[in-house]
Amino acid sequence: MKRFAKDRMGRVAMFISVMGILLPAPLANAQEEPFTTPKTKEVQKLEKGLTYTESVYGKVSGPSGYMVDAAFTEDQAEAEQLSKELTEKGYKATVKTLADRAQDDPEHGKPLGYLVRTGPFQKESDAKSEQKKLVSEGYSKSKVVYIPEDGEESTGPWAVRILEINTRQWNGSLEPVLAQGVVPGKEKLSDMAKTTHAVAGVNGGYFVMGPQDGTEGDLAGVSVINGDLISEAVKGRTSLVLNRQNQANIASVKTKLTIKGNHDTRATLDGLNRVPGLIRGCGGIGDTETVLPRHDFTCTDPDELIQYTSAFGNRTPEGPGTDVVLDRNGRVLDVRFSRGASIPFGGSVIAGTGDSADWLKEHAVAGKKLSVKKTVTADNKTLPSSAKYGVINGGPRLLKHGKVYINATKEGFHQPVDPEFYYRFGERRNPRTIAGIKPNGTLLLVTVDGKNPGYSIGMTFEEEARLMKALGAMEAVNLDGGGSTTMNVNGELVNDPSDAAGERPIGDGLLLLPSTNQ
């Protein structure tokens, strides 16, 4: 297996070629598009129609260092006052104006906000000492940041890995896979790949990291596996749609869930296979905080109807409310006046909380049917329920018809109530996982390492879009990234995950399974 060889400081020390072709190329200068030509490139053919590429773009831009972000404010005068106070206390303080906004932000023309910073420091250890001192003096949100990750122009470097799938030639199958085969819990991509004997794979969509935000491992957005809807969509957020012919589409995906009870009374089904009342990513009907998408935020709703299928496991979460047990035909087997019931094989359980629990008590009758209807649309076209398709959640969109099109505001990655979030998530450089589609239908699955000074600095949303355009994609979408960014090839983890603990357990993965007739 070909790998980037790194020394203990994380720098690229050499390039090893075992089966591929090493292709050195000139580095673009700072005025040119940095992703047009890689500094180094190594290509390996995995199977007919399937290639794996490792590339390094750019180079270390020289002396850099670290800053400490002491505070963020939307008001310039407040930022300048904070800077003055820090200076008077002996800190070397400055104010950084955050001029860039999301592409679809309606408030273009005025700064996103202002950062009050101290530094710079050549050593990370010195910056961390400063950060601890600031926290002790009341600046509780102080952060140490690596300057090249700031979002301004950079020469890199960027460590990029690409799986290129010619869907007309490759005879394997693209399969979204749940961690451990059920919604609750997480699993490393490497373990998923080992269990399924995958040729390759990448991490999938956003998911719930901890129980404080809902069901740990639950997909924070739409999930469809083998044609079965596992998790509801976050209000039209861009996702990756796949069919059995490995044809891919990047589309705005929506779900509509309804339930019909006794006397043809109808209600909205709020979600699938998750704890009632906690909605990661928001965008649900009746969410208390907002009905719009809000990334990495958990909305609440005291009155919900949730359906649990075998994808959740054997039993529903316990708690106050009502559980209605259904057989495979939707006939009511049991009505329970608290939550926590066994999920029958082939059947399901409808759980209700608050007013929705009262609705279930009134409209679920033993021996009668509760009919659930689920509709999934991609770019407003209904996906037929009989088709075997899969959907991996993502967002925001990066390319549309070959042009940079980053709808971060619409999809909840820019949040007017928390403008600093967009700066941290979209304008600063982070590890990324990306899906793109070329004009001929070829699918690109791409990872970019980050949080590793001198080796790979990660990418902004805009840099992701520019990279995918340089790779020939017409459509592209951002998938889950950060510490989740992982790629596995032939049973080996080939990228360098950014979490200090190494490879992160995730909620789902997209695996490339070999053809049974190869």
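One is the number of the first residue; the rest follow in order along the sequence. It should be emphasised that the depicted structure is a prediction, and the values quoted were computed from it without experimental measurement.
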Show every ring-ring contact (aromatic ring centres under 6.0 Å, His included) that has at least one partner inside residues 105-128, sequence neighbours left out.
none

Test of understanding: with salt bridge (Lys or Arg N to Asp or Glu O under 4.0 Å), list the residues that count as partners of Asp499, not counting sequence neighbours.
Arg504

Donor-acceptor check, side chain of Thr73 to backbone of Ala79, threshold 3.5 angstrom: yes or no?
no

Summary of salt bridge (Lys or Arg N to Asp or Glu O under 4.0 Å) pairs that have at least one residue in residues 109-119, sequence neighbours excluded:
Asp69-Arg117, Glu107-Lys110, Arg117-Asp150

Write out all pairs satisfying side-chain hydrogen bond (donor to acceptor under 3.5 Å, both in side chains) with one or both partners inside residues 120-135, taking only residues at least two apart or from two chains.
Thr118-Glu130

Judged by modelled atom types alone, do Asp496 and Tyr455 share a side-chain donor-acceptor pair under 3.5 Å?
no

Donor + acceptor pair across side chains of Glu427, Tyr422 (<3.5 Å)
yes

Only counting residues at least two apart or in another chain, list the ones meeting side-chain contact (heavy atoms from CB on, under 4.5 Å) with Ser231.
Asp218, Leu219, Ser223

In terms of the angle between their ring planes, are Phe413 and Phe461 parallel, tilted or perpendicular, with boundaries placed at 30° and 60°?
perpendicular

Without swapping roles, check the side chain of Ser252 against the backbone of Gly236 for a donor-acceptor pair under 3.5 Å.
yes

Looking at residues at least two apart in the chain, or sitting in another chain, which of them share a ring-ring contact (aromatic ring centres under 6.0 Å, His included) with Phe421?
Phe425

Considering all heavy atoms, the nearest Val222-Asn393 contact
O-CB, 3.2 Å

Who passes salt bridge (Lys or Arg N to Asp or Glu O under 4.0 Å) against Glu464, sequence neighbours left out?
Arg432

Consider only side-chain N and O atoms of Thr442 and Asn440, and report whether a donor and an acceptor are under 3.5 Å apart.
yes

Residue pair Glu463, Tyr57: steps toward the side chain to side chain donor-acceptor pair (under 3.5 Å) verdict
CA-CA 12 Å; Glu463 285 170 342; Tyr57 292 86; over 6 Å; no

Might you confirm whether atom NZ of Lys410 has over 12 heavy atoms from other residues, nucleotides or ligands at distances under 6.0 Å?
no

Is the side chain of Asn430 donor-acceptor paired with the backbone N or O of Arg424 at a distance under 3.5 Å, no angle test?
yes

Contacts of Arg274 meeting salt bridge (Lys or Arg N to Asp or Glu O under 4.0 Å) (sequence neighbours excluded), chain-then-number -> Glu232, Glu304

So, taking the atom named CE in Met192 and the one named CD in Gln180, what distance separates them when rounded to the nearest 0.5 Å?
8.5 Å

Pairs touching residues 177-189 that satisfy salt bridge (Lys or Arg N to Asp or Glu O under 4.0 Å), sequence neighbours left out:
Lys186-Glu216

Grab the two heavy atoms, one from Leu189 and one from Val202, that are nearest each other, plus how far apart they are.
CD1-O, 3.6 Å

If you compare all heavy atoms of Pro514 against all heavy atoms of Glu47, which two are closest, and at what distance to 0.1 Å?
CB-OE2, 4.0 Å

Does Arg294 come within less than 4.0 Å of Glu289, counting only side-chain N to carboxylate O?
no

Keeping Trp170 on the side-chain end and Lys48 on the backbone end, is there a donor-acceptor pair under 3.5 Å?
no

Relative to each other, are the rings of Tyr66 and Tyr146 parallel, tilted or perpendicular (30° and 60° limits)?
tilted

So which atom in Leu112 and which in Pro419 form the shortest heavy-atom distance, rounded to 0.1 Å?
CD2-O, 3.4 Å

Ser484-Asn203 side chain donor-acceptor pair, cut-off 3.5 Å:
no

Which residues satisfy the ring-ring contact (aromatic ring centres under 6.0 Å, His included) test with Tyr423, sequence neighbours excluded?
none

Per the side chain to side chain donor-acceptor pair (under 3.5 Å) rule, which among Thr485, Asn495, Thr433, Asp449 passes with Arg161?
Asp449

Backbone of His295 reached by a side-chain donor or acceptor of Gln415 within 3.5 Å
yes

Residues which pass salt bridge (Lys or Arg N to Asp or Glu O under 4.0 Å) with Glu152, listed by chain and number, not counting sequence neighbours
Lys96

Judged by atom type as modelled, is there a donor-acceptor pair below 3.5 Å linking the side chain of Asn452 to the main-chain atoms of Ser456?
no

Do side-chain atoms of Asn407 reach the backbone of Pro396 as a donor and acceptor pair under 3.5 angstrom?
no

Please check: side-chain N/O of Arg429 versus main-chain N/O of Pro148, any donor-acceptor pairing under 3.5 Å?
yes

What is the minimum heavy-atom distance between Val477 and Gly395, and which atoms define it?
CG2-N, 3.6 Å

When you measure from the side chain of Thr290 to the backbone N and O of Leu292, does any donor-acceptor pair fall under 3.5 Å?
yes

Within a radius of less than 6.0 Å around NZ of Lys235, do more than 12 heavy atoms belonging to other residues, nucleotides or ligands occur?
yes

Please lay out, stage by stage, how Glu411 and Arg397 fare under the test salt bridge (Lys or Arg N to Asp or Glu O under 4.0 Å).
CA-CA 9 Å; Glu411 300 203 344; Arg397 179 183 276 273; over 6 Å; no

Which pairs pass salt bridge (Lys or Arg N to Asp or Glu O under 4.0 Å) with one or both residues in residues 205-214, sequence neighbours excluded?
Asp213-Arg280

